[in-house]
> 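Please find one structure pasted underneath; my questions will follow.
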Amino acid sequence: MTSNETQTLDIRALRVVMAVAVSGSFTAAAKTLGLTQSAISQVISGIERTVGTRIVDRTKRPLRLTQAGVSLNRNACQIVADMDKLIAQTREAALLSHVEVRLGMIDSFSATVGPYLLKDMVKSTDHIRAWSGLANTHARGLLNRQLDLIISSDPNEDMDGLVRLPLYQEPFLIAVPRELGERFRGLDLNGCVRTLPFIRFSARSHFGGKIERYLRRCAVNIPNFVEIDTADVVLAMIANGLGWAITSPLCVIQGAAHLDRIALLPLPGPALLRMIYLIYREGENEEAADRIFRSSRDAITQYVLPEIKRHMPWMKIPHVT
């Protein structure tokens, strides 16, 4: 082992530390690793030069690690275990031609387009990990490499090095209890507020935050009543006459089980749109991104838009890129 290799504290050096910690002697560690006692001693000395302190108390028999050595060994065990796992997974991938895609999707897309997208993806991908949830959770997953690609309404403009493909754009609308549909028709936003409590999508979600900013621009002050994270729960509350909400076609389709008790009306104010993007890191997963983009677009056109037309016949068909 060269001095340069020792200075980097490579995996081989860390294995030496672990063997000495377990055996309590250079001789036993050398036998375990198939090295000479001299080689073990050189590695330990090299590590001590790199970290600038003793890691083995050579005055004790059996040998004992110093406090610094104990700390190094504890971390070495985790690093070596992770490296062994990485090597095993890499070998498995080579043997099995393993292809894995880790995809995050916002709830409304996952529940409506997701089943058709994943059905197509399994034809070309051995293993798919699909996350459903809030846009900010997926952004963190993409940033820390827990996810390879995300489908989100938040373009994450503050993150560099990303490719953002516009996938689908839809207008917002209002959902009200069916028995009050005619009463709401023709009202402005303030009139809607005076008629029935407003059910908010949680402001911690990108979707809810977008609606809150829209209401502020329209100078509509709405008292707090209730905030909900998911579209199907919002629609369930509306179906039971508890209030009304601003929502989108995908969220409506997500809560389709409640639509027989809900009236869907145009948004009574300036247009509000949201774009849904396919987002991934530049130079990575380009083949998977192309497949996901095309499959998603086909699923929206073939399955989702007809449902939107059926439940919202007055709406101009949302835009598919």
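Model, not experiment: these values are computed from the prediction.
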> Is any NZ, NE, NH1 or NH2 atom of the basic residue among Arg294 and Asp120 found under 4.0 Å from an Asp or Glu carboxylate oxygen of the other?
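So Arg294 does not pair with Asp120 through a salt bridge.
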
> Step through the shown structure and confirm whether more than 12 heavy atoms of other residues, nucleotides or ligands are within 6.0 Å of CG on Asp260.
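It does: Asp260 CG has more than 12 such atoms within range.
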
> Within the 4.5 Å heavy-atom criterion, are Thr66 and Val56 side-chain neighbours or not?
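Sidechains of Val56 and Thr66: no contact.
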
> Could you tell me whether the side chains of Ser152 and Asp154 share a donor-acceptor contact shorter than 3.5 Å?
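Ser152 vs Asp154: no donor-acceptor pair found between side chains.
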
> Under the rule for side-chain hydrogen bond (donor to acceptor under 3.5 Å, both in side chains), what residues qualify as partners of Asn73, not counting sequence neighbours?
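Once residues adjacent in sequence are excluded, Asn73 has no partner under the side-chain hydrogen bond (donor to acceptor under 3.5 Å, both in side chains) criterion.
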
> Who passes side-chain hydrogen bond (donor to acceptor under 3.5 Å, both in side chains) against His206, sequence neighbours left out?
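In terms of side-chain hydrogen bond (donor to acceptor under 3.5 Å, both in side chains), with neighbours along the sequence ignored, His206 is linked to Ser153.
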
> Is it the case that the side chains of Ser38 and Gln42 hold a donor-acceptor pair, with the cut-off being a distance below 3.5 Å and no angle test?
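Yes, Ser38 and Gln42 have a side-chain donor paired with an acceptor closer than 3.5 Å.
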
> Who are the side-chain hydrogen bond (donor to acceptor under 3.5 Å, both in side chains) partners of Arg281, not counting sequence neighbours?
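Residues passing side-chain hydrogen bond (donor to acceptor under 3.5 Å, both in side chains) with Arg281: Glu284.
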
> Between Arg204 and Glu227, does any NZ, NE, NH1 or NH2 come within less than 4.0 Å of an OD or OE carboxylate oxygen?
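Salt bridge: no.
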
> Under a 4.5 Å side-chain heavy-atom rule over Ile, Leu, Val, Met, Phe, Trp and Tyr, are Tyr303 and Val252 clustered together?
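Shared cluster, no.
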
> Looking only at the side chains, is there a donor atom on one of Gln37 and Thr27 sitting less than 3.5 Å from an acceptor on the other?
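Thr27 and Gln37 do have a side-chain donor-acceptor pair below 3.5 Å.
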
> Among residues two or more places apart or on two chains, list those pairs meeting side-chain hydrogen bond (donor to acceptor under 3.5 Å, both in side chains) that have a residue in residues 174-184.
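Sorted pair list: Glu182-Arg185.
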
> Who passes ring pair (Phe, Tyr, Trp, His ring centres under 6.0 Å) against Phe201, sequence neighbours left out?
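Applying ring pair (Phe, Tyr, Trp, His ring centres under 6.0 Å) to Phe201 gives Phe207.
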
> Will you find, in the side chains of Asp107 and Ser132, an N or O donor that is under 3.5 Å from an N or O acceptor?
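Side chains of Asp107 and Ser132: pair found under 3.5 Å.
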
> Got a sec, which residues hit ring pair (Phe, Tyr, Trp, His ring centres under 6.0 Å) with Phe198, two or more places apart in sequence or on another chain?
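Listed in chain order: Trp244.
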
